[in-house]
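These numbers come from a predicted model, not from an experiment.
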Amino acid sequence: MLRPVVRIVLAAGLLGSLPPIASAGDDWLSQAGFPGALQTPSAFMAPEGSLGFGISSFDPYDTLYLNLQPFDWLNFNARYTEITDVPATPGTGFRDKAFDVAVRLFDGRGPLPALSVGLVDLGGTGRLSGEYVVLSERVFDFYASVGLGWGRLGRAGDFENPLTAVSDRFRNRPGFGGGFENTGSLSYDSWFRGENVAVFGSLVWRPRFVQGLSILAEVEGNDYSDEPAGNAIEPRTRLNFGIGYTLSDYASLGASYLRGDTFAFEVGIHPLIGVNKKPRGKAYLPVLDEAAHPNYRRRLPADEEQRLEQLYDTLRYSGFFVHAMDLTPDGETFTIWQSNAITDDPLYVLQFVGRHAANFLPARVRTITIVSMAGGAEAARIRASRWLIEAEGSGLATPDELVARSEFAAGQGWALDRARYSGLLNYPTFAYGVSPAIRSNIGGPAEFFVGQLLLKPYVTVQLTRSFSLTSTVGVSLLNDLDNVTIPGRTGSLPPVRSDLELYQSGSGDMYLEELEANWLFPLGSQWYGRISAGIFEEMFGGVGSEVLYRPYNARWALSLNANYVKQRDYDQGFEFRDYEVATGHLTFYYRAPIEGIVVQTSVGRYLARDVGVTLDVAREFRNGARFGVFASKTDASSAEFGEGSFDKGFYVYFPLSQINKGLKGNGLSLNYRFLSRDGGQKVDDGRSLYSVYGHHSAGAIYER
């Protein structure tokens, strides 16, 4: 059985590792993790950008879920359920994995109530699968839902499946079968099928005079007549009752009484981490000195270098780091190369740097070019007339006019080396800090859930403009490793990832996670390169390289990476095991016209020497947060891969710059695979070039 106390503490640790930037509002997640009340679905959903993580327990099911809300109309949920009265291995119950998706067709803001269609356990074993259509409406402080359920959600069989009037094929619902090596495939041949359906509904009261309190009642469509539990479940009633309370901005507890004979509890967190607003730190746009003090410029020293030095100092104080500056011989065009810890928003960079430049530069300067640097190379250029910058800063022109009449172009490699004033940054520079993290293995071959709550001190030394060293150490604060044993194998591939539990238990309370060198350099306009070496991650180290082509005016990019890596020893020091492999991928990136959708397709050789393709679809928010789902299919057969058939899962990324602007470029990642297996696995091979240069494109100017 799940060890509830330790799991709750680990969940609280994860809660503590997430920044309290905003609340997702009311917790609309059921005890299984999909949008709903207790055991029944609803059409109410959290705001887009919300993350849900929780644990629930009621006899005989313990459930762990992770929920993503990439859009306000689309919800993804992954969950693991341990059936405690069905033995799997000594001391554990049977573990069922599931993936749910819900689509809201109407949001309820018009004359129609909210309407959602959902699939429950569409890619798992099918033992807990079901489908539903649900209507939801709010009346004052009451939130009501009513719907029809198929499969497990409709086993009470209140009346005949209405879809049988369309076709008789909807009468038969295929059951589970075929062995666990075939799990993970979409069971579309059973969706909305079955002889009968059932009605379910819920009523939630959230009294406004008691902030955070929820009182719930519902009627289930499941009569528990066909459960995968070891002992028969005979409910006294289909009614459930519960109470919930929000403890903080994004944490909640709940207790309920189910089926007339069973108590349940749950703990959940639901922060809002994805926001469609560019981060801008604490640097406010400067006021034009000429507008406020007409004689100010004439009091500046006449010497050109002193003016540029004042500009340099003013920008550095505000978090903008000047790499180089240049004035043409006639003094009419000024160019400045900068990077910053404030924002990647091209308009804001133009406004901020342009206004400061207008304040300090001689009156003869008519054109200002601002070059954004990334990874030691030019990423993008903005060219604007000085009078237009001043007009927009004085309110005589709009930001849209400033954008429309400025030129945005790709970078020009190492052009800053030809500047009159170059090498203005002193190296080495240092970046350091401590990040909280949780290292988990869910659905592993030895234990259902193995986790560690960690602190990760890190330091990056930028030795030159293009060359850096990064080191990260993992320090265990709390772990759940007491019962870890050498895992049995499912599948016949080399154990490139399934040994995670051995790495977790063998690394002790402190281990070296990363010690790598990265050299980034331009190969030409819109072409970039990288060479990396060292300990890349907790399991592999070696050498690697990457080439990226990023057309500035296109939505797509193309990269090729190649690595030769060796497997690290379990203690995660400097020793290596015998396994080594050459791996690499050709990756196509596409930023869709739908805001925030980024699609990656990779083809190549993976760590277990299997060859195949990976599809990754992510929703990116303007503050840098990212929700993504992925799947990899290789030439490894289902039998070779083992239970799960192919690699799949989803991930969350949160930029730590939302907490501290000095942490720009660092983030907290949560990666959840349905099972830890060896097929379709990539190595984390250094600093991804697309992560450095991918956002520097013509389209970025309109994302503000």
Side-chain angles (χ1 to χ4, degrees), residues 344 346 371-381 408-415 466 516 518-533 536 542-565 581-607 610-620 624 626 628-635 647 651 653 665 680-703:
D344 289 328
V371 184
S372 293
M373 300 289 294
E378 289 194 13
R381 286 181 161 238
F408 298 86
Q412 298 179 5
W414 278 336
S466 301
E516 69 178 28
N518 287 285
W519 180 35
L520 278 63
F521 49 90
L523 296 170
S525 179
Q526 306 173 98
W527 286 86
Y528 306 94
R530 169 180 60 85
I531 297 176
S532 304
F536 291 145
V543 294
S545 62
E546 182 183 8
V547 174
L548 173 73
Y549 176 51
R550 178 65 174 99
Y552 184 77
N553 292 309
R555 293 186 175 274
W556 59 272
L558 190 67
S559 77
L560 176 65
N561 74 319
N563 310 280
Y564 190 81
V565 294
V581 61
T583 177
H585 289 82
L586 179 68
T587 302
F588 178 80
Y589 302 88
Y590 180 71
R591 186 172 293 274
I594 302 174
E595 181 181 347
I597 296 295
V598 178
V599 180
Q600 300 179 37
T601 304
S602 299
V603 179
R605 192 177 194 232
Y606 297 85
L607 284 171
D610 48 333
V611 177
V613 59
T614 296
L615 177 64
D616 183 306
V617 181
R619 169 72 197 278
E620 292 187 349
R626 184 165 62 250
V629 296
F630 63 89
S632 298
K633 186 64 176 175
T634 73
D635 59 358
D647 188 50
Y651 58 89
Y653 174 82
Q681 301 297 321
K682 295 181 179 180
V683 64
D684 186 2
D685 62 334
R687 195 174 180 188
S688 165
L689 291 179
Y690 189 80
S691 69
V692 177
Y693 302 104
H695 288 278
H696 294 281
S697 67
I701 189 63
Y702 302 106
E703 296 180 1

Intermediate values then yes/no, side-chain contact (heavy atoms from CB on, under 4.5 Å), Leu615 and Val629: CA-CA 8 Å; Leu615 177 64; Val629 296; over 6 Å; no
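Scanning all heavy atoms of the two residues, the minimum distance from Glu378 to Ala415 falls at OE2-CB, 3.3 Å. Taking every heavy atom of both residues into account, Asn563 and Gly544 meet most closely at OD1-CA, 3.3 Å. Taking each heavy atom of Arg687 and Gly375 in turn, the nearest pair found is NH1-CA, 4.4 Å. Taking each heavy atom of Tyr651 and Ala618 in turn, the nearest pair found is OH-CB, 3.5 Å. Here the closest non-hydrogen pair linking Pro522 and Ala377 is CD-CB, 3.7 Å. Considering all non-hydrogen atoms of both residues, Arg555 and Ala592 come closest at NH1-O, 3.4 Å.
Taking the ring pair (Phe, Tyr, Trp, His ring centres under 6.0 Å) definition, one finds that Phe536 meets it with nothing, sequence neighbours left out. Residues passing the ring pair (Phe, Tyr, Trp, His ring centres under 6.0 Å) test with Tyr552, sequence neighbours excluded: none. Taking the salt bridge (charged side-chain N to carboxylate O under 4.0 Å, His left out) definition, one finds that Asp685 meets it with Arg530, sequence neighbours left out. Partners of Trp556 under the side-chain contact (heavy atoms from CB on, under 4.5 Å) rule, at least two apart in sequence or in another chain, are Tyr549, Pro551, Ala554, Leu558, Phe588, Tyr590. Applying the salt bridge (charged side-chain N to carboxylate O under 4.0 Å, His left out) criterion to Glu620, with sequence neighbours excluded, gives Arg591, Arg626. Tyr606 meets the side-chain hydrogen bond (donor to acceptor under 3.5 Å, both in side chains) test with Thr614; sequence neighbours excluded. Considering only residues two or more places apart in sequence or on other chains, Phe408 meets the ring pair (Phe, Tyr, Trp, His ring centres under 6.0 Å) condition with none of them. Remark: Ser697 pairs with Arg550 by the side-chain hydrogen bond (donor to acceptor under 3.5 Å, both in side chains) rule, at least two apart or across chains. Listed by chain and number, the residues in a salt bridge (charged side-chain N to carboxylate O under 4.0 Å, His left out) with Arg619 are Glu48 (sequence neighbours excluded). Listed by chain and number, the residues in a salt bridge (charged side-chain N to carboxylate O under 4.0 Å, His left out) with Arg605 amount to none (sequence neighbours excluded). Contacts of Lys633 classified as side-chain hydrogen bond (donor to acceptor under 3.5 Å, both in side chains), with partners at least two apart in sequence or in another chain: none. In this structure Tyr564 satisfies the side-chain hydrogen bond (donor to acceptor under 3.5 Å, both in side chains) test together with Glu580, sequence neighbours excluded.
Ser559 has its side chain within reach of Glu546: a pair of non-hydrogen atoms, C-beta onward, lies under 4.5 Å apart. With a 4.5 Å cut-off on side-chain heavy atoms, Ser691 and Tyr653 do not count as touching.
Side chain of Asp616 to backbone of Phe630: no donor-acceptor contact under 3.5 angstrom is found. Between the Trp414 side chain and the Phe521 main chain, no donor and acceptor come within less than 3.5 Å of each other. Between the side chain of Tyr528 and the backbone N or O of Leu520 there is no donor-acceptor pair closer than 3.5 Å.
Note that OG of Ser466 and CD1 of Ile531 are 11.5 Å apart. Values are rounded to the nearest 0.5 Å.
Residues Ser602 and Lys682 bring a donor and an acceptor atom of their side chains to less than 3.5 Å of each other.
Of the residues listed (Leu523, Asn561, Leu689), the one engaging Leu548 in a side-chain contact (heavy atoms from CB on, under 4.5 Å) is Leu689, and it is the only one.
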